[in-house]
> 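Take this structure, written in C-alpha cells, and hold onto it; I'll ask about it next.
What you see is a predicted model, and the numbers here were worked out from it, not measured in a lab. For this chain, numbers begin at 1 and follow the sequence in order. Values reported hereafter were calculated over all heavy atoms of this structure, with side chains retained and with hydrogens, waters and symmetry mates removed.
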Amino acid sequence: MLWRRRTIIIIGYSWNKSNRKYKDDDFANLRAANARKIFADTVELPPLERPGFREMLAYVHTGDEIVVASLLQLGETNANLSDALDAICGRNVSLNILNFPSFASVHDASERWQLTCVIRDIADFAKHREHRGGAGLSVSTPHHGERGRKREYAPDSPNPVKRAIYQDVLTMLADNLPVTQIARAVGINRKQIYRIKEYAQENGDLIAGLPPRKRA
C-alpha cells in the first residue's frame with residue numbers, strides 16, 4: 001500500500017448509547033489522543049447505518065487515523081465489527097484503539113493500517129464461523145459469565161482485547177485508582193469494573209496489597 005505524502009489527520013469516533021457524562025468522557029479521551037475532529041452516534045443501529053459513522057467515512061482520506069476508545073465503539077457483534085472494519089480498511093485509513101496496547105507501539109501509518117485489517121480478518125472469520133454454527137472464537141460478542149460460557153472479561157476470555165482490558169483493570173485496581181477513572185481509561189462502565197474486581201478477588205488474581213497475578 002502506497003501512502004500519499006500529506007498531513008495525517010486524526011479523527012475521533014464515539015458511539016455512546018448512555019448518558020451525557022459518559023459521552024463527555026469519550027470526547028475528552030479522544031481529544032487527549034489528538035483527535036482533530038470527532039464524529040459521534042447515539043443511535044442503536046449497525047455501524048454502516050449510523051449517520052456519524054457514514055459521515056466520518058466520507059471525511060477521511062488515505063493514511064488518516066481513526067481513534068476509538070475500544071472495538072465495542074464500532075460494533076457489539078462480530079458481524080457488525082467486521083462490517084465496520086472492512087469499511088475502514090477500504091478507505092485506506094488505520095485505527096488507534098485506546099484500550100488495545102498493540103496499537104500504541106505502531107507508529108507507521110501503513111503498518112497500523114495492516115494491523116487494522118488483520119483484526120478485520122479475524123472478525124470476519126468469527127462472523128462466518130457463527131453463521132456455520134461454530135464456536136470457540138469471539139472478537140466482539142459479549143459473554144456474561146453464565147454457566148458453561150466464558151466470562152466476557154477474564155484471563156481466559158476468547159477475546160484478546162478483553163483479556164488485555166482485564167489485566168489493565170487489575171493493574172489499576174492494584175494501584176488504588178478510582179473506579180470512575182479506570183472505567184474512562186479502558187472504555188467500559190463502572191458496573192463492569194466492579195464485576196471484574198469481584199471475579200479477580202474470587203480466583204486470586206487480585207489480592208489487596210499485592211500486584212495482580214499474571215497468567216501464563
Side-chain angles (χ1 to χ4, degrees), residues 12-16 22 25-26 29-30 32-33 65-78 80-82 84-85 88 94-108 111-127 136-145 149-207 210-216:
Y13 178 71
S14 171
W15 181 43
N16 198 305
Y22 287 121
D25 289 344
D26 285 345
N29 290 333
L30 296 176
E65 175 184 303
I66 297 172
V67 58
V68 294
S70 72
L71 278 176
L72 293 176
Q73 295 279 302
L74 301 179
E76 293 181 323
T77 68
N78 289 321
N80 285 343
L81 183 59
S82 173
L85 291 170
I88 290 170
S94 62
L95 278 178
N96 180 9
I97 306 170
L98 297 182
N99 68 347
F100 203 165
S102 298
F103 278 81
S105 62
V106 180
H107 303 289
D108 180 80
E111 291 180 0
R112 195 187 289 265
W113 174 79
Q114 293 177 49
L115 180 57
T116 300
C117 295
V118 166
I119 296 177
R120 182 272 314 272
D121 293 342
I122 295 173
D124 188 62
F125 175 82
K127 175 184 72 175
L137 177 65
S138 173
V139 178
S140 183
T141 304
H143 297 284
H144 304 288
R149 301 177 69 181
K150 293 289 187 182
R151 294 184 65 90
E152 183 177 2
Y153 297 94
D156 58 348
S157 169
N159 185 330
V161 175
K162 294 180 180 179
R163 288 200 303 270
I165 291 175
Y166 177 83
Q167 293 298 335
D168 288 343
V169 169
L170 263 57
T171 297
M172 287 184 274
L173 286 171
D175 289 339
N176 295 315
L177 295 182
V179 169
T180 299
Q181 181 178 342
I182 297 173
R184 287 199 300 265
V186 301
I188 60 179
N189 62 49
R190 290 178 297 173
K191 186 175 181 180
Q192 188 63 254
I193 300 296
Y194 286 117
R195 287 176 179 167
I196 292 173
K197 181 179 180 180
E198 181 181 4
Y199 173 72
Q201 289 174 334
E202 288 176 354
N203 68 13
D205 284 347
L206 183 66
I207 301 174
L210 295 176
R213 179 161 59 94
K214 297 293 185 180
R215 296 293 182 111

> To check you understand the geometry: which heavy-atom pair defines the closest contact between Pro155 and Arg163, and what is its length?
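Taking Pro155 first and Arg163 second, the nearest heavy atoms are O-CD, 3.2 Å.
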> CD1 of Ile196 to CG of Leu173: how many Å apart, nearest 0.5 Å?
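Output value for this atom pair is 8.0 Å.
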> Just verifying a value: how many Å separate Asp124 CG and Leu85 CG, rounded to the nearest 0.5 Å?
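It is 10.0 Å, given to the nearest 0.5 Å.
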> Taking all heavy atoms of Tyr13 and all of Leu74, pick out the closest pair and write down the distance.
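That closest heavy-atom pairing would be CD2-CD2, 4.1 Å.
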> With side chains defined as the heavy atoms from C-beta onward, is the minimum distance between Ile66 and Asn96 less than 4.5 Å?
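Result no, sub-4.5 Å side-chain heavy-atom pair not found.
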> Keeping Ser157 on the side-chain end and Glu152 on the backbone end, is there a donor-acceptor pair under 3.5 Å?
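Flag set: sc Ser157 to bb Glu152 pair under 3.5 Å.
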> Minimum heavy-atom separation for Ser70 to Ile97, with atom names?
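That closest heavy-atom pairing would be CA-CG2, 3.8 Å.
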> For Asp175, check side-chain contact (heavy atoms from CB on, under 4.5 Å) against everything at least two apart and list the hits.
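In terms of side-chain contact (heavy atoms from CB on, under 4.5 Å), with neighbours along the sequence ignored, Asp175 is linked to Thr171, Leu177.
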> Determine the sole option in Leu72, Ile165, Ile188, Val169 for which the side chain to side chain contact (heavy atoms under 4.5 Å, CB included) test with Asn99 is passed.
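Among Leu72, Ile165, Ile188, Val169, the one that satisfies the side chain to side chain contact (heavy atoms under 4.5 Å, CB included) with Asn99 is Ile165.
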> List the residues meeting side-chain contact (heavy atoms from CB on, under 4.5 Å) with Ala33, not counting sequence neighbours, and say none if there are none.
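Applying side-chain contact (heavy atoms from CB on, under 4.5 Å) to Ala33 gives Val67, Leu98.
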> Look at the side chain of Thr116 and the backbone N and O of Leu95, then say whether any donor-acceptor pair between them is shorter than 3.5 Å.
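Here the side-chain-to-backbone pair exists.
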> Are Ile193 and Lys197 packed together at the side-chain level, in the sense that at least one heavy-atom pair is separated by less than 4.5 angstrom?
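Answer no - side chains too far apart.
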> With sequence neighbours excluded, what pairs up with Ala154 under the side-chain contact (heavy atoms from CB on, under 4.5 Å) test?
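Scan of Ala154 (side-chain contact (heavy atoms from CB on, under 4.5 Å), adjacent residues dropped) gives Arg151, Asp156, Tyr199.
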> Does a side-chain heavy-atom distance below 4.5 Å link Tyr153 with Arg195?
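No, their side chains stay 4.5 Å or more apart.
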> With Ala69, which residues qualify under side-chain contact (heavy atoms from CB on, under 4.5 Å), at least two apart?
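Only Gln73 meet the side-chain contact (heavy atoms from CB on, under 4.5 Å) criterion with Ala69.
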> Taking the side chain as every heavy atom from C-beta outward, state whether Val186 and Met172 have any atom pair closer than 4.5 Å.
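Yes, side chains in contact.
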> Can you give me the closest heavy-atom contact between Arg120 and Ser82, atom names plus distance?
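Shortest heavy-atom separation between Arg120 and Ser82 comes out as CG-O, 4.1 Å.
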> If you compare all heavy atoms of Asp26 against all heavy atoms of Ser14, which two are closest, and at what distance to 0.1 Å?
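That would be OD2-OG, 3.3 Å.
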